[in-house]
Amino acid sequence: MDDRVLQIQNRTCRVYGTVGAEYLLLQMADEHDPAGMEREAEALRRQTARPFLLVAVPVENWNDDLSPWSAPPAWGKQGFGGRAEDTLAWLEQAVPSIRRQYSIKEDAKVILGGYSLAGLFALWAATRTDTLYGVAAAPSVWFPGWPEYEAAHPIQTQRVYLSLGDREEHTKNQTMAAVGDNIRALHTALTRRGADCTLEWNAGGHFKDADLRTARAFAWTMESEK
């Protein structure tokens with residue numbers, strides 16, 4: 001089907017893909033970049049033959065709604081409000097409606113993905129629930145306290161895609177410079193625990209080809225099925 005609009009409570013979600021799909025892909029997305037989601041969906045169609053339904057859920061306040069706990073600003077003046085728990089609760093309530101609306105069966109595999117702080121949210125959500133089939137993330141694992149939190153609350157899904165730009169850790173911002181070491185450590189830990197996990201390095205910085213990188217993340221997570 002072509003992309004459609006789905007109203008769930010107070011959010012207008014954009015939906016791409018196939019009714020009755022085997023994979024339900026969920027992504028917290030920037031509500032101001034619908035063109036980016038369209039490019040991502042088209043790239044995903046080119047990379048997999050598996051039937052999927054991709055639901056882009058708009059995020060009103062990126063820093064607050066996707067951060068798992070409060071933190072001071074990493075740059076600029078805006079800090080992080082730590083409202084990810086509320087966002088996850090909303091998402092869990094929305095999934096049954098999505099299933100009914102688009103004939104998604106209960107045994108369909110659910111993958112949560114995202115870019116930047118939305119990628120961190122996806123990883124964090126996988127520490128809170130065991131209902132996810134996989135996580136497809138280009139995540140902000142520089143977030144203060146994340147390595148310690150994940151070590152104490154391990155990611156529960158067994159299929160995890162990680163990616164990072166090869167210039168992202170080369171910054172004078174000491175907080176964000178930790179992203180390289182943190183993502184390497186997370187990949188090592190997940191692999192040692194027996195997860196099916198890959199870490200892809202991309203040329204460039206954080207903001208290069210976000211839509212294409214997220215499409216590759218979802219495609220790998222579906223196609224890596226044993």
Side-chain angles (χ1 to χ4, degrees), residues 8-11 13 26-32 55-95 110-132 134-165 168-169 171-190 192-193 195 197 199 206-207 210 214 217:
I8 304 179
Q9 297 178 25
N10 59 334
R11 301 189 192 224
C13 306
L26 304 172
Q27 180 178 343
M28 309 309 296
D30 184 351
E31 63 180 346
H32 304 297
V55 181
V57 180
V59 177
E60 181 177 353
N61 189 311
W62 192 263
N63 280 18
D64 289 349
D65 294 347
L66 298 177
S67 52
W69 47 82
S70 299
W75 66 92
K77 298 181 179 181
Q78 184 179 4
F80 301 88
R83 295 205 297 255
E85 196 77 57
D86 294 339
T87 303
L88 180 58
W90 183 95
L91 192 62
E92 290 177 329
Q93 292 177 356
V95 166
V110 180
I111 300 172
L112 181 59
Y115 194 87
S116 193
L117 201 58
L120 179 74
F121 171 80
L123 292 173
W124 169 83
T127 73
R128 306 287 290 177
T129 177
D130 61 0
T131 61
L132 296 173
V135 168
S140 296
V141 290
W142 54 260
F143 195 78
W146 165 254
E148 296 80 6
Y149 173 84
E150 200 281 330
H153 308 84
I155 290 169
Q156 299 181 57
T157 182
Q158 289 299 296
R159 186 162 284 103
V160 181
Y161 174 100
L162 303 169
S163 79
L164 197 70
E168 292 192 49
E169 62 186 322
T171 172
K172 295 180 180 179
N173 185 312
Q174 293 186 352
T175 299
M176 301 186 72
V179 69
D181 288 342
N182 287 1
I183 207 165
R184 292 184 190 93
L186 179 59
H187 176 247
T188 298
L190 287 167
R192 285 176 177 170
R193 295 176 203 154
C197 179
L199 170 56
H206 181 67
F207 296 103
T214 309

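Bear in mind that the values here come from a model prediction, so they are computed numbers and not experimental data.
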Distance-minimising heavy-atom pair for [X] and [Y]:
{"X": "Leu164", "Y": "Val179", "result": "CD1-CG2, 3.6 Å"}
{"X": "Pro139", "Y": "Leu162", "result": "CG-CD2, 4.1 Å"}
{"X": "Cys13", "Y": "Val55", "result": "CB-CG1, 4.0 Å"}
{"X": "Gly81", "Y": "Ser67", "result": "N-OG, 3.5 Å"}

With sequence neighbours excluded, tell me which residues meet side chain to side chain contact (heavy atoms under 4.5 Å, CB included) with Ala126.
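Expected list: Leu132, Val135, Ile155, Thr157.
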
Main-chain N/O of [Y] paired to [X] side chain as donor or acceptor, under 3.5 Å:
{"X": "His187", "Y": "Ile183", "result": "no"}
{"X": "Glu150", "Y": "Pro147", "result": "no"}
{"X": "Ser140", "Y": "Trp142", "result": "no"}
{"X": "Thr129", "Y": "Thr131", "result": "yes"}
{"X": "Gln27", "Y": "Gly114", "result": "no"}

Working to the nearest 0.5 Å, report the span between [atom1] of [X] and [atom2] of [Y].
{"X": "Asp64", "Y": "Thr87", "atom1": "CG", "atom2": "OG1", "answer": "9.5 Å"}
{"X": "Asp65", "Y": "Met28", "atom1": "CG", "atom2": "CE", "answer": "7.5 Å"}
{"X": "Gln78", "Y": "Asn63", "atom1": "CD", "atom2": "CG", "answer": "4.0 Å"}
{"X": "Cys197", "Y": "Arg159", "atom1": "SG", "atom2": "CZ", "answer": "11.0 Å"}
{"X": "Leu123", "Y": "Leu112", "atom1": "CG", "atom2": "CG", "answer": "8.5 Å"}
{"X": "Trp146", "Y": "Asn182", "atom1": "CH2", "atom2": "CG", "answer": "10.0 Å"}

Should Arg128 and Gln156 be marked as a side chain to side chain contact (heavy atoms under 4.5 Å, CB included) after you check the CA-CA gap, both sets of side-chain angles, and the distance that decides it?
CA-CA 8 Å; Arg128 306 287 290 177; Gln156 299 181 57; 5.8 Å; no

Under the side chain to side chain contact (heavy atoms under 4.5 Å, CB included) rule, what do Leu120 and Leu66 come out as? Steps first, then yes or no, please.
CA-CA 8 Å; Leu120 179 74; Leu66 298 177; over 6 Å; no

Derivation of the side chain to side chain contact (heavy atoms under 4.5 Å, CB included) call for Leu199 and Ser163:
CA-CA 5 Å; Leu199 170 56; Ser163 79; 5.6 Å; no

Is the ring pair Phe121/Trp124 parallel, tilted or perpendicular, if the boundaries are 30 and 60 degrees?
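It falls in the tilted class, 30° to 60°.
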
Taking the six-membered ring for Trp, are Phe80 and Trp75 parallel (under 30°), tilted (30 to 60°) or perpendicular (over 60°)?
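Ring orientation, 0 to 90° scale: perpendicular.
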
Salt-bridge criterion met for Arg83 and Asp86 (N-O under 4.0 Å):
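Asp86 and Arg83: not salt-bridged.
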
Answer yes when Glu169 and Arg184 have at least one side-chain N-carboxylate O distance shorter than 4.0 Å, and no when they do not.
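Arg184 and Glu169: salt-bridged.
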
Within a reach of under 6.0 Å around CD of Glu148, are more than 12 heavy atoms found that belong to other residues, nucleotides or ligands?
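Yes, because the 6.0 Å sphere around CD of Glu148 holds more than 12 heavy atoms from other groups.
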
Is the distance between the ring centroids of Phe143 and Trp69 less than 6.0 Å?
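Judged by ring-centre distance (under 6.0 Å), Phe143 and Trp69 do meet the cut-off.
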
With side chains defined as the heavy atoms from C-beta onward, is the minimum distance between Trp90 and Asn10 less than 4.5 Å?
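The answer is yes, as the side chains (C-beta and beyond) meet within the 4.5 Å cut-off.
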
Gln9 vs Gln93 side-chain heavy atoms within contact, under 4.5 Å:
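A side-chain contact exists here, since the closest heavy-atom pair is under 4.5 Å.
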
Test side chain to side chain contact (heavy atoms under 4.5 Å, CB included) on Arg11 and Val57 and set out the steps.
CA-CA 7 Å; Arg11 301 189 192 224; Val57 180; 3.9 Å; yes

